[in-house]
Amino acid sequence: FYNDRPFKAEQISYERTFGTTGWASICLPFDLETRSDGMGDVLAFTGEEGDKVIFTKVTKVEANTPYIINITDNSDAKSFSAENVDVPVTSIEPVTPGAGKFKLKGTFEKIDNAIGYYILHSNGKGFARGEQDGDNIPYIPAFRAYIEASSNFSAKSIDVGSGPTGINVIPEEGMMIWSESSSLCI
């Protein structure tokens, strides 16, 4: 998707089926007005503290901005829509500003080779570094978000931690520990 001229849309929507509950990424080319049931908090990247990526709950989803969203029910396709909305020119590479080692980026086109980018796990619980597995090269579908880390950062994954505001780094070696609701998972 690429829109090279702003326009006013009488109706615009995006529909997607989510394979699991948990965190998913989204990047839309329009300001969102309504969304289907079965979706919880929407979080925006707001900074970092050391190796911790900070996300904060938002009440408005803006065009050309990547987010993560909590999918609470994946039983049917989810719809994101707006009416009588100004659709801006599509950003070539939507990015949430960050001056440190992490950037949350969005894409409106499939990224065929996502080696080295941190992509949300299909289980919705955290980000994993894209790595080639035999002939399988990781990719990022359109209308998604991913984390790009500076070249001196090499952890295998970034875990969605115990609350909606922090994502913690999982070391290259060692044990993975995180919390879900009130349970500690090892």
Closest heavy-atom pair, Ala82 versus Phe30, reported as atoms and distance to 0.1 Å, is CB-CD1, 4.1 Å

If you group Ile, Leu, Val, Met, Phe, Trp and Tyr by side-chain heavy-atom gaps below 4.5 Å, do Ile115 and Leu120 land in one group? no

Within this structure, what is the CG-CD distance for the pair Asp76 and Glu15, rounded to the nearest 0.5 Å? 8.5 Å

May I ask whether Ile119 and Phe45 are part of the same hydrophobic cluster, defined by side-chain heavy atoms of I, L, V, M, F, W, Y residues being less than 4.5 angstrom apart, directly or through others? no

How far apart are the closest heavy atoms of Asp86 and Pro88, and which atoms are they? O-CD, 3.5 Å

Is any side-chain heavy atom of Asn113 closer than 4.5 Å to one of Tyr139? no

Write down the atom of Cys27, the atom of Arg144, and the distance for their closest heavy-atom approach. CB-O, 3.7 Å

side-chain contact (heavy atoms from CB on, under 4.5 Å) evaluation trace for Asn70 with Trp23: CA-CA 5 Å; Asn70 189 13; Trp23 294 106; 3.6 Å; yes

Backbone of Leu28 reached by a side-chain donor or acceptor of Tyr67 within 3.5 Å: no

Test: side chain to side chain donor-acceptor pair (under 3.5 Å). Region: residues 26-39. Which pairs qualify, not counting sequence neighbours? Thr34-Ser81

Give me the atom names and distance for the closest heavy-atom approach of Lys110 to Asp112. CE-OD1, 3.2 Å

Taking only residues two or more places apart in sequence or in another chain, which ones pass ring pair (Phe, Tyr, Trp, His ring centres under 6.0 Å) with Tyr117? Tyr146

Output all residues satisfying side chain to side chain donor-acceptor pair (under 3.5 Å) with Ser91, sequence neighbours left out; order by chain, then residue number. none

Verify, without hydrogens or angle tests, whether Glu83 (side chain) and Val85 (backbone) share a donor-acceptor contact under 3.5 angstrom. no

Nearest heavy-atom pair of Pro29 and Val87: which atoms, and what distance? O-CG1, 3.5 Å

With Leu43, which of Ile68, Leu104, Ile54, Val58 fulfils side-chain contact (heavy atoms from CB on, under 4.5 Å)? Ile68

Under the side-chain contact (heavy atoms from CB on, under 4.5 Å) rule, collect the residues that match up with Asp73, sequence neighbours excluded. Ser75, Lys78

side-chain contact (heavy atoms from CB on, under 4.5 Å) against Ala24, all qualifying residues, sequence neighbours excluded: Arg16, Phe18, Ile69, Ile71

Is there a donor-acceptor contact under 3.5 Å from the side chain of Asn64 to the main chain of Val89? yes

Are any of the side-chain heavy atoms of Glu10 and Asn84 separated by less than 4.5 Å? yes

Would you compute the distance between atom OH of Tyr118 and atom CD1 of Ile140 and round it to the nearest 0.5 angstrom? 12.5 Å

Take atom CG of Asp4 as the centre, draw a 6.0 Å sphere, and report whether it contains more than 12 heavy atoms from other residues, nucleotides or ligands. yes

For Lys105, check side chain to side chain donor-acceptor pair (under 3.5 Å) against everything at least two apart and list the hits. Glu93, Glu148

Heavy-atom pair of closest approach, residues Thr72 and Met39: OG1-N, 3.6 Å

Look at the aromatic rings of Phe108 and Phe143 and report parallel, tilted or perpendicular, splitting at 30° and 60°. perpendicular

